[in-house]
Visitor: 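One structure, pasted below without further comment.
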There are 2 protein chains.
Amino acid sequence: MNLKPIKPKRISDQVFEQIRELIYKGSFKPGQQILPERELALSMAVSRTSVRNAINKLVTMGLLEHRQGQGTFVSSPDNRPGNPLAAAMAADEATFGDLLEVRMGLECNAAMLAAQRATDTDLKAIEKSLEEMEDDLATTDKIGTGADAAFHMAITFSTKNPVFIHLMHNFYDFLFLGIKKNLTHMYMDREALEDVIGHHRAIYDAIQRRSSQDAFEAMRKHIAYVQEYFSTR
Amino acid sequence: MNLKPIKPKRISDQVFEQIRELIYKGSFKPGQQILPERELALSMAVSRTSVRNAINKLVTMGLLEHRQGQGTFVSSPDNRPGNPLAAAMAADEATFGDLLEVRMGLECNAAMLAAQRATDTDLKAIEKSLEEMEDDLATTDKIGTGADAAFHMAITFSTKNPVFIHLMHNFYDFLFLGIKKNLTHMYMDREALEDVIGHHRAIYDAIQRRSSQDAFEAMRKHIAYVQEYFSTR
DNA sequence: GATAAAAATTGGTACTACCATTTATCCAGA
DNA sequence: TCTGGATAAATGGTAGTACCAATTTTTATC
């Protein structure tokens, strides 16, 4: 028969999902203070209780941090404990090269699928991260890790594939640290940073043009470039 | 000087500690139902809110489990840690098609890397799984899920990439369920089963020949075949 | 201008009421 | 006796309000 298992959706869980997406997409950047519980409740038209439960869940998961009297803040992935991947990397059991290999497999396909399925909202989110990176480079001569990570996460969300998204959630801290390391090494190398920006724009263009082939190839080139960059110096 | 280690003892945290102790000490055994929130609040002379916050924390940590209308239960350590993937699939939030999409990205690359790095031991492990599948088909007219999953895991191990391997570990249960479903649908379709075996052998041959291109392509064909198989019936 | 007091902001607790789901119980009808 | 439905009870989930506690900002006072 194969009927459908009914799904009860708790309000706090829906709030939870929304806030988590905002964090991963970079609307709430690491270290930044998020909106107060009362305002969130008002915006989402739910009670403060539900918002509170959602936030508490994110706090015990380590994504947010409470400070009484001040507010709630996005905790930075650097000092987030308990991530087995980050631990493995700290123990030198996993290298950034390993990370890039996996990203090559995952993200090329993600870009391809994103080109087929991204909504206008998704495209805007991707473009926003892209513009943020460009602004960063123009004003501070470097690229913000948060914006870069948000760009890649936004593409993943565009695939609309729950398995992909779930995998990327577990992957985020690792991705963040890897990108941070990459960008740190490229610091002061203006040319490399501009190349990277160019790659990102090419990826975005391909997705926006709905050309899945080009999106795949652009992502492949981008990651291959980073691999090459670090293998030669 | 080393003065005061100020204690910001939140009430919910104290309740949290107490309940956790009870679980660890075994007063609340796995599978058992704990006292209702209202009774706990009464016993500890605190509000239900505080008890609720404490319990919620334990729930998101995976030690407890909520069932509306029934009560709160101590979750058994077996299914405690992280299998939100299987849960997501059970809730039909993720389909087998989603799984195949992700596998396409991951495993094609894994096969490619395996062709470059597999040791003789790895090759033997892969071949063993392959032969087991062939035996299964010859003797029982079907393919064992375990052998199929083992084949793919063996390829992942051959990549020697800790990140890949870690990801696949978290992925295994999901992979297993997916393969099982695939094989169940192909049951009695002798031709399809033989095709699948052929794909596996092609993958193995390519890896054994150290041809990373062929390995990538063989894996791509295999997964695409399964995708096609299920999209048309 | 410096310092103390007051106000505003924001997370933490408490309490109450009610909703939603599950289970148990009872009862009428075939 | 069995079936089905209605009812009630138990229990987690939401909502709303009020207030407490800590922090920051503003204001008042000297």
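We name chains A, B, ... by the order of the sequence lines, and we start the count at 1 in each one. Hydrogens, waters and symmetry mates play no part in the numbers below; they use all other heavy atoms, side chains included.
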Visitor: Working to the nearest 0.5 Å, report the span between CG of A:L99 and CD1 of A:I179.
Guide: 8.5 Å

Visitor: Check nucleotides 22-24 of chain D against the protein and report each pair of N or O atoms closer than 3.5 Å, with its distance, or say if there are none.
Guide:
none

Visitor: Can you check whether B:R67 has a side-chain N or O nearer than 4.0 Å to OP1 or OP2 of C:dT22?
Guide: no

Visitor: Rounded to whole angstrom units, what separation is found between the CZ atom of B:F73 and the P atom of D:dT11?
Guide: 10 Å

Visitor: So, is B:S12 close to the C:dT13 phosphate, meaning a side-chain N or O under 4.0 Å from OP1 or OP2?
Guide: yes

Visitor: Would B:E65 and B:R67 satisfy salt bridge (charged side-chain N to carboxylate O under 4.0 Å, His left out), going step by step from the backbone distance to the final call?
Guide: CA-CA 7 Å; B:E65 189 178 332; B:R67 293 185 212 155; 3.8 Å; yes

Visitor: Just jot down the side chain to side chain donor-acceptor pair (under 3.5 Å) partners of A:H200, sequence neighbours excluded, or say none.
Guide: A:D148, A:H152

Visitor: Once you round it to whole Å, what is the distance between C1' of D:dG13 and CG of A:N53?
Guide: 9 Å

Visitor: Could you check how far CD1 of A:I11 sits from C1' of C:dC18, rounded to whole Å?
Guide: 13 Å

Visitor: Give a yes or no on whether A:H169 atom NE2 has more than 12 heavy-atom contacts from other residues, nucleotides or ligands under 6.0 Å away.
Guide: yes

Visitor: Taking NZ, NE, NH1 and NH2 as the nitrogens, is one of them in A:K128 or A:E134 under 4.0 Å from a carboxylate oxygen of the other?
Guide: no

Visitor: Round to the nearest Å and state the distance from A:D13 atom CG to D:dG12 atom P.
Guide: 17 Å

Visitor: Mind running a 4.0 Å heavy-atom check of residues 32-40 of chain B against DNA chain C and sending the residues that fall below it, in number order?
Guide: B:R38

Visitor: How long is the line joining CZ of A:R48 and P of D:dG16, in whole Å?
Guide: 13 Å

Visitor: In whole angstroms, how far is the C1' atom of C:dC18 from the CZ atom of B:R52?
Guide: 14 Å

Visitor: Rounded to whole angstrom units, what separation is found between the CG atom of A:L42 and the C1' atom of D:dG16?
Guide: 13 Å

Visitor: Check each of B:T159, B:V163, B:I165 against A:D98 using the side chain to side chain contact (heavy atoms under 4.5 Å, CB included) test, and report the only one that passes.
Guide: B:V163

Visitor: What is the distance, to the nearest angstrom, from the NE2 atom on A:H66 to the C1' atom on C:dG12?
Guide: 9 Å

Visitor: Do the side-chain N or O atoms of A:T49 get closer than 4.0 angstrom to the phosphate oxygens (OP1, OP2) of D:dG16?
Guide: no

Visitor: Pick out which of A:F176, A:F151, A:F171, A:Y172 makes a ring-ring contact (aromatic ring centres under 6.0 Å, His included) with A:Y24.
Guide: A:Y172

Visitor: If we only count heavy atoms from C-beta on, is the A:V196 to A:M186 side-chain gap below 4.5 Å?
Guide: yes

Visitor: Please indicate whether A:K160 has more than 12 foreign heavy atoms, meaning atoms of other residues, nucleotides or ligands, lying under 6.0 Å from its NZ.
Guide: yes

